[in-house]
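Numbers here simply count residues along the sequence, with the first being 1. Quick note: numbers below take in every heavy atom, side chains included, and nothing from hydrogens, waters or symmetry partners.
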Amino acid sequence: MFSADSILLIAVAQGWLTEYWSRLSGASRDPFRGIYQLNSFDLAVMVPYFLVLGILAAYGFHRYWLVYCYAKYRANVPGKPAEPANWPKVTIQLPIYNERYVVERLVEAISRLDYPPDLLEVQVLDDSTDETQAVALACVERHRALGLNVHYLHRANREGYKAGALAEGLKSATGEFIAIFDADFQPNSDFLRLMVPYFHDPHVAMVQARWTYLNRDYSALTEVESILLDGHFVIEHGARARSGVFFNFNGTAGVWRRTAIEDAGGWQHDTLTEDTDLSYRAQLRGWQFLYLPEIECPSELPVEMNSFKAQQARWAKGLMQTAKKILPRVLRADLPASVKAEAFFHLTGNISYPLMVVLSTLLLPAMIVRSYQGWAQMLVIDLPLFLASSCSISGFYLTAQRVLYPKTWMRKIVYLPFVMAVGIGLSVRNAKAVIEAILGVSSEFARTPKYRIEGHSGTWRRKGYRNRAGWMPYLEVALGLYFAATVYYAIQNENYLTVPFLLLFVWGYLYTGLMSLAHVWMERLHLGVRAPEEVRPAASGVPGF
């Protein structure tokens, strides 16, 4: 969900401001001095520096393209269809794994759906290993007694993780259409009545709704998460859907035509983003997807740093795995060049994370080398890079906020530096995930625990389920200190104008690293025991430990 624009902006701004300050301080005004003064060390720094910047700039320009497509094809939205004379049967699949805090809320929301009861089937696909089993089974039995056609299916193993659970449930499903909701989602009562009519076109395979957030205002972290996800759902999905290129099902808050799932090869679990994998396979088979941003589905955002980082790393790794698996097929297919190009940028976008880490380590030596480069190089190289990054950040995220909140979107501007800093801070964890995907290193599906936090109420402390922090926060803190030294160097050399930009690196790395460690130690302080690992079950039959 994050982009490399923030680090690209800072790197290029650093070059511009270094040059500007050197001119103010009376340094040589030869515009080409940097070209003929470079030695072998300088080249060893500057060649990879500009190579990485160039690649990141290409992804920055791609964001411009998405905003352009979103505006250009604004009229290409599906018209509202009439309600069907005969409503089809729908199976709702609820894949859960150790979700004792939210499973009852989920089933309650499903029970309120306004859809013919005799045409609705609900499957609670429970892979849980803790007391969620008892909670979910009791909830299912209670609602079955009230007339809901709901079934509880429990697997003794997690083979295939979420994809395996969905595939297993599909074997006994009786619906013509399959609606999927993760444990933290709360569909409105009219969700199916709004979504299902769009399947009047027999070529439509999937209809995706837009996520909204129950706890957007809970903290600064959840506010940043919502801004980033809004950018994805408004601009990315909107631009791709409107311009007729491929886009993906988001794993939840959507409805599938069952025959499309089967025709595309079914749910497969060789990637961590089984939703994107199936989406591309279905569209390669000629099926059409619809995105309906006006239909909303509330969800719960991660409120604890390690859970948020685990979610982002899973998405980054899964998308790169899907790129390795699917992109060769897309490029060989008989498809328009625009579809292939967008698929390439979409599926490979997370390669920016390892490049961001490389660029981070090069910033200090690059600052030293660039202190004597000339303004001609700045105009030829830096200006295009600056334009590729600076406006694409504001244009992308603020356009999304303006679309969603036309009267209050200006208030979101204050969060942009925080958005940039968090994106930088996540680069280390996500870079590791991307490299693992490239090298074929497998890992478990680390789901994002939820704690039933809505609005400003609720807390994640003293509750079970936690993603492990590991050693990564210590590296993030070390990088934060490294950039603090870079700030000191800039001040010592009277390059004051670069300091605000460099402080974003300090802020980003220290924030993500220290927050990860703080959440672990806060839990230890509260519980007086070792911090819980991922999905560690409670010791008693009640929530907690």
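- Under the 3.5 Å distance criterion, the side-chain polar atoms of Q123 are matched with a main-chain donor or acceptor of G169.
- Proximity of W87 to L192: side-chain heavy atoms (C-beta onward) are nowhere separated by under 4.5 Å.
- For the pair E168 (side chain) and G164 (backbone), a donor-acceptor distance under 3.5 Å is absent.
- With hydrogens and angles ignored, the 3.5 Å screen pairs a side-chain donor or acceptor of H200 with a backbone N or O of P197.
- For Y68, the OH atom counts as loosely surrounded, since its 6.0 Å shell holds 12 or fewer non-hydrogen atoms of other residues, nucleotides or ligands.
- Note that OG1 of T222 is 11.0 Å distant from CG of L229, once rounded to the nearest 0.5 Å.
- Under the 30°/60° scheme for interplanar angles, the aromatic rings of Y509 and F505 are found to be tilted.
- Ring centers of F199 and F177: under 6.0 Å apart, within the cut-off.
- Side-chain contact between I110 and Y115 is absent, with no heavy atoms from C-beta onward closer than 4.5 Å.
- In this structure, the side chains of V428 and M472 come closer than 4.5 Å at one or more pairs of heavy atoms.
- A side-chain donor-acceptor contact under 3.5 Å links K324 to the backbone of A437.
- Taking the ring centroids of W65 and F345, they lie at or beyond the 6.0 Å cut-off.
- Annotation: side chain of R242 is in contact with side chain of V77 (closest heavy-atom distance under 4.5 Å).
- Here D126 does not pair with R155 in a salt bridge; the nearest charged N to carboxylate O distance is not below 4.0 Å.
- Side chain of Q268 to main chain of E274: no donor-acceptor pair is present (N/O by atom type, distance under 3.5 Å, no hydrogens or angles).
- A centroid separation of 6.0 Å or more is found between the aromatic rings of W267 and Y161.
- From K450, atom NZ reaches atom CD1 of I96 across 13.5 Å, with rounding to the nearest 0.5 Å.
- Side chains of R63 and Y59 form no contact here, defined as non-hydrogen atoms less than 4.5 Å apart.
- One distance of note links NZ of K317 with CG of N350; it measures 13.0 Å at 0.5 Å rounding.
- E121 and T91 share a donor-acceptor pair across their side chains, judged by distance under 3.5 Å alone.
- Between I261 atom CD1 and W256 atom CH2 the span is 6.0 Å, to the nearest 0.5 Å.
- Between the CD atom in Q208 and the CZ atom in F247 there is a gap of 7.5 Å [rounded to 0.5 Å].
- A distance below 6.0 Å separates the ring centres of Y511 and F418.
- Ring pair W211/F233 is tilted by interplanar angle, where 30° to 60° counts as tilted.
- Annotation: side chain of D277 is in contact with side chain of K325 (closest heavy-atom distance under 4.5 Å).
- Side chains of E223 and R216 form a contact here, defined as non-hydrogen atoms less than 4.5 Å apart.
- A 4.5 Å side-chain heavy-atom check between T174 and K89 finds at least one atom pair inside the cut-off.
- Remark: R240 engages E342 in a salt bridge, criterion side-chain N to carboxylate O under 4.0 Å.
- Between Y451 and Y101, the ring planes lie tilted relative to each other; the angle falls in the 30° to 60° range.
- Judged by distance alone, with hydrogens and angles left aside, the side-chain atoms of N248 form no donor-acceptor pair with the main-chain N or O of T276 at under 3.5 Å.
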